[in-house]
Amino acid sequence: MITLNRIVEILQSDQNFCSFINPSDTPSLSEDFIFDQLSYDSHKIEANTLFFAKGAGFKKAYLEQAIEDGLRFYISETDFHVSIPVIVVQDIKQAMSLIAMDFYGNPQRSLKLLAFTGTKGKTTAAYFAYNILKEEFRPAMLSTMNTTLDGEHFFKSTLTTPESLDLFAMMAEAVQNGMTHLIMEVSSQAYLVKRVYGLTFDVGVFLNISPDHIGPIEHPSFEDYFYHKRQLLKNSRVVIVNSDMDYFQTVFEEVSTQDHDFYGSQSSNCIEQSHAFDFVTSGKIAGQFDIQLIGRFNQENALAAGLACLRLGASLPAIHSGIATTTVPGRMEVLTQENQAKVFVDYAHNGDSLQKLLSVVTEHQSGRITLLIGAPGNKGESRRKDFGLLLNQYPAIQVILTADDPNKEDPLQICQEIASYMTRPYRIIVDREQAIAQALSETTQKGDAVIIAGKGADAYQIVNGKKDLSYPGDIVVAQKYL
């Protein structure tokens with residue numbers, strides 16, 4: 001619960017309070033009304049709900065319907081001139097986060113918080129950290145792939161980083177369940193729209209940076225994207241940074257006065273030997289590590305997670321065991337056909353992650369390699385050019401362009417846009433299941449491979465703003481046609 005006066009106090013301390021407007025003068029601030037529910041969904045309203053009227057598309061009609069359903073208070077950047085009181089603020093997202101933090105009893109104080117950011121690798125690194133920490137502690141995890149608040153039940157996440165009201169509710173549930181640590185993926189969007197405003201992480205890890213999430217409804221430029229990625233470092237007590245990342249010098253200068261560890265070839269925490277299923281490190285967690293996820297980049301994610309967990313109290317044996325047992329749904333999952341050809345299913349969904357995926361597969365497979373790739377609609381539009389230009393560098397790979405969460409765009413046009421940047425042969429098979437069946441039917445021998453990139457473990461296609469569950473997922477479809 002939280003009182004009206006406490007809300008005003010929080011907003012004033014953040015210099016975010018503008019005014020309290022009450023059309024009827026009942027209740028007034030002096031009455032100190034008590035709220036026992038917070039909501040930003042106008043369909044989830046009770047009499048004692050504090051409602052946050054947020055979003056560029058929010059309409060007065062939503063508020064009027066909520067009032068009919070019993071709403072008595074709302075908070076907004078705008079006075080909608082309705083019949084109930086409003087707390088007017090400068091920034092509704094900042095208000096949401098700080099009020100939710102207080103409403104749920106500041107659960108962050110009862111958890112050790114570990115956050116990962118980066119263009120790619122967040123989910124894999126989070127899974128490594130989860131498996132390391134669960135050897136000795138009780139970690140919860142908020143991941144793009146799966147979320148668990150008790151270590152036993154897992155559910156699919158809607159956003160990489162939840163809205164602040166949902167985030168603090170989940171953190172409070174984790175505390176109630178006796179969890180000791182919380183591992184999170186923190187996206188650039190989380191800082192752009194202030195989902196983690198006011199939150200300080202015990203350890204923040206910056207894995208890498210490359211152009212992504214740039215478009216009309218995301219970041220307007222790479223500079224804006226990079227800036228918001230770096231906000232995690234400013235809001236972490238200890239930072240772990242990849243010394244081989246692009247623009248490392250910028251990050252180095254910003255964190256030089258913070259408690260930090262670097263990893264990678266430009267630091268003492270580095271990988272000295274790399275093999276398919278094991279690697280050897282030097283530095284704070286020096287030793288030989290077994291690993292199930294092939295690829296140097298996965299070993300680097302494991303090293304980053306190991307260093308972060310060491311800071312949170314994990315022992316070296318726990319780090320070894322956690323890394324050795326980690327697998328990630330939809331990340332470098334490998335199937336084998338009857339003819340011994342391999343099928344790789346991976347979430348690689350931008351130019352940089354796709355390039356690393358292709359480098360790993362071409363290192364291990366010497367025969368005919370076919371890649372299925374698409375791009376999502378209404379987001380990350382720069383990926384289309386990135387994919388097209390990248391694939392020009394792999395003329396020996398067979399390319400099939402296909403649908404990948406087209407949303408409100410025509411999947412054929414998305415494929416054609418990718419193809420417009422290509423100067424090499426390709427095919428377009430819009431139906432993703434048909435494309436997978438065709439690619440698998442063309443393998444003949446042990447060295448052949450089919451790479452199904454982009455969706456990972458997603459068991460749906462996003463079409464017209466909704467999840468089309470008739471698509472069972474890349475792994476299920478591939479198994480059907482093995």
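Throughout, numbering of the chain's residues begins at 1 and tracks the sequence.
In this structure, R230 satisfies the cation-pi test against F226, with its NZ or CZ atom closer than 6.0 Å to the six-membered ring centre and inside 45 degrees of the ring normal. Under a cutoff of 6.0 Å and an axis angle of 45°, K284 and Y263 do not form a cation-pi pair. K54 forms a cation-pi arrangement with Y40, by the criterion of a distance under 6.0 Å to the ring centre and an angle within 45° of the ring axis.
With no hydrogens or angles considered, a side-chain donor-acceptor pair links T49 and Q37 at under 3.5 Å. With hydrogens and angles left out, the side-chain atoms of K229 and T117 include a donor and acceptor closer than 3.5 Å. If you check the side chains of Q189 and T160, you find no donor sitting under 3.5 Å from an acceptor. If you check the side chains of T124 and Y347, you find no donor sitting under 3.5 Å from an acceptor. Looking only at atom types and distance, the side chain of E185 has a donor-acceptor partner in the side chain of T144 under 3.5 Å away. At a cut-off of 3.5 Å, with distance as the only test, a side-chain donor of S353 or N350 sits close to an acceptor on the other residue. Checking N208 against Y247 by side-chain atom types alone, no donor-acceptor pair falls below 3.5 Å.
Proximity of I452 to F344: side-chain heavy atoms (C-beta onward) are nowhere separated by under 4.5 Å. M141 is not listed as a side-chain neighbour of L182, based on a closest heavy-atom distance of 4.5 Å or more. Within the 4.5 Å cutoff, the side chain of L111 has no heavy atoms near those of the D202 side chain. R432 has its side chain within reach of Q461: a pair of non-hydrogen atoms, C-beta onward, lies under 4.5 Å apart.
Annotation: K467, atom NZ; neighbour count of heavy atoms from other residues, nucleotides and ligands within 6.0 Å is above 12.
In this structure, D79 contributes its side chain and H81 its backbone to a donor-acceptor pair below 3.5 Å. Proximity of a side-chain donor or acceptor of E253 to a complementary backbone N or O of T250 within less than 3.5 Å is not detected. The closest donor-acceptor contact from the side chain of S19 to the backbone of I21 lies at 3.5 Å or more, if one exists at all.
A salt bridge links K480 to E433: at least one charged side-chain nitrogen sits closer than 4.0 Å to a carboxylate oxygen.
The aromatic rings of F51 and F58 sit tilted relative to each other, their planes meeting at an angle between 30° and 60°.
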